[in-house]
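Chain letters run A, B, ... following the sequence lines, proteins first and then strands; every chain starts at 1.
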Amino acid sequence: MEIKEAYVSSKSKLTIWKRGDVHGRKVALLACLGILCIISFLLSVGKGSLSLTPMEVIKALFLERDTVNHQVIWNVRLPRTLVAGLVGICLSLSGVILQGVMRNPLAAPNIIGVSSGAGLMAFVIMIIFPQYFYLVPAGAFVGALLATLLIYALAWKNGIQPMRMILAGVAVSSFLGAGINALMTFFPDRLIGVVDFLIGGLSARTWPHFHMLWPYALLGILIAFFFPNKLNILMLGDEVATGIGLHVEKTRMLFIAIAALLAGSAVSVVGLLGFVGLIVPHTARLIIGSDYRYLFPATAILGASVVMFCDTIARLILDPIEIPVGIIMALLGGPFFLYLLRERGRVAQ
Amino acid sequence: MILQAKNVFISYDKKEVVKNINIDVKKGEIVTIIGPNGSGKSTILKALSRTLKPDKGQILLEGNSMKHMNTKAIAQKLAILPQVKRVPGDITVEALVGYGRYPHLGFGHRLQKQDYEIIDWALEKTGLGALRLRFVETLSGGERQRAWIAMALAQKPEILLLDEPTTFLDISYQLETLELIKELNQTLGLTFVMVLHDLNQAVRYSHKIYALNKGQVHCCKESGSILTKEFLKKVFRIEGDILEDVTNKCSYFIAQKVVQ
């Protein structure tokens with residue numbers, strides 16, 4: 001409404017129409033993604049060894065109390081689906097933030113050491129101190145943040161240059177990765193359960209995991225809502241950004257910290273789910289463009305949909321055996337992304 | 001004085017690039033910094049635009065040290081146009097110019113009615129009205145440079161710093177850009193500080209010229225009196241003929257040979 005009023009003074013009526021058109025199209029795309037997300041949610045909650053229609057799901061959730069349907073949905077399916085959605089939101093937002101901050105299309109949560117840091121810490125606990133197994137999520141979270149901090153400190157030299165940070169990330173990650181590999185070599189007998197963490201899976205995730213995750217997801221969503229323009233401006237290069245009054249160093253540090261929190265929280269709950277943080281942001285970019293005002297919501301919604309959908313397939317495809325969701329995601333998402341890249345590759349740069 | 005560099009020293013990895021440079025810019029002037037490669041001209045411009053911190057010395061904006069000023073408050077007075085700029089493939093001219101309003105926006109950074117009016121004004125001043133919905137990437141070199149200048153204008157600054165605004169442009173776009181700068185200076189009273197490679201263009205388009213050599217100010221003169229054979233030899237290591245451009249009422253030179 002405000003936008004249109006402002007343009008009463010403008011001469012060209014065509015302009016108004018076209019501007020509204022671009023905005024409208026992007027909002028429509030977001031709405032489509034939203035519908036996709038709802039479908040994924042209903043599928044994920046409804047399908048399984050006990051299969052329910054969407055109507056039955058809604059009835060079981062809100063109307064019934066002590067039925068089997070209610071028990072299964074409320075205690076098993078719903079929390080797991082919500083965890084899947086939150087993990088998708090956290091990892092994909094983390095990835096899309098890092099791609100902007102680093103101005104590098106290959107940036108993903110693992111380049112700021114989240115995977116290696118979380119991985120090493122989790123492995124140390126699972127392999128050397130198995131009696132403290134319940135500390136794995138907390139440990140992984142701390143490990144992720146410590147690794148990011150280390151990389152940030154190593155890359156610091158009168159400020160942070162994205163390329164130096166990426167290279168420091170590669171160095172630290174391979175160093176920590178060596179630690180992980182050493183543990184696996186020395187204790188081959190204790191690897192059961194460890195592999196799940198390595199691939200990333202959602203099996204038996206329930207309400208406590210949900211409660212661990214939602215504050216971080218909420219933080220990410222708030223940032224995405226309030227500060228998309230900071231990232232848009234950072235994309236124009238450090239000098240231009242400084243010139244129009246953005247505190248480049250401070251902004252970059254803030255966003256890296258948030259990306260680390262988001263990815264760290266997700267990884268601590270589901271393990272090293274590699275694919276979401278890299279491919280989902282790119283897919284969203286190909287669909288909706290590079291303006292973070294639209295890209296942020298698109299990425300979050302798509303991330304949630306993808307993880308929920310893939311987890312449903314992971315549960316169903318070899319029922320009653322479950323496959324880790326990471327495998328499904330890479331199998332389905334990789335080819336789909338390549339297809340998008342070939343079809344609409346121009347926007348990707 | 002609207003912008004001043006006072007006894008500024010800058011070094012990269014212990015190599016001193018700028019040694020004790022003083023620069024004074026008066027309101028409404030076009031000031032050009034020239035000098036051979038490695039003379040420190042881009043470096044001092046970066047210090048003036050606060051993208052580089054001097055090791056010693058001060059940069060003063062309207063008499064206040066920039067170090068102690070809020071970066072948004074600076075951006076409301078001073079706009080910069082670096083040599084290397086990046087732009088995402090799907091950003092429109094209008095959106096780019098809109099980012100120039102950033103230092104004036106409140107929490108949440110939403111554009112208000114008056115911001116849209118200023119964007120329109122900036123597009124009109126740079127003659128980009130018809131191209132406002134085109135992607136910046138699809139513009140010609142000259143149009144793209146005008147789009148960046150429009151973004152700087154949308155900041156509503158008093159002073160604009162441009163680092164080699166004509167580099168990478170065809171000669172027609174170079175003239176177009178410099179003419180635009182001259183026009184903005186005359187009609188809006190904007191102050192310009194820029195780095196140029198082409199000595200003749202510097203003489204023709206600026207009021208005052210700072211010539212840098214080996215990290216120091218070799219001389220600072222009115223543009224009409226800077227070109228001498230002695231000057232060309234000392235600063236640029238060339239022998240040249242100095243001639244008069246009757247149309248534009250300024251002198252120009254033709255390089256003849258390199259002095260060993």
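Proximity to chain B is limited to the side chain of A/Ile233, based on heavy atoms less than 4.5 angstrom apart. Looking at B/Leu96, the atoms closer than 4.5 Å to chain A (heavy atoms on both sides) all sit in the side chain, from C-beta outward. Heavy-atom distances place no part of B/Lys53 under 4.5 Å from chain A, backbone and side chain included. Neither the backbone nor the side chain of A/Lys250 comes within less than 4.5 Å of any heavy atom in chain B.
The shortest distance between side-chain heavy atoms of B/Thr177 and B/Arg146 does not fall below 4.5 Å.
The side chain to side chain contact (heavy atoms under 4.5 Å, CB included) with A/Val276 is formed by just one residue from the set A/Ser92, A/Cys90, A/Ser94; it is A/Ser92.
A distance-only check finds no donor-acceptor pair linking the side chain of A/Glu239 to the backbone of B/Gln83 [under 3.5 Å].
Closest heavy-atom contact between A/Cys37 and A/Ile301: CB-CG2, 3.7 Å.
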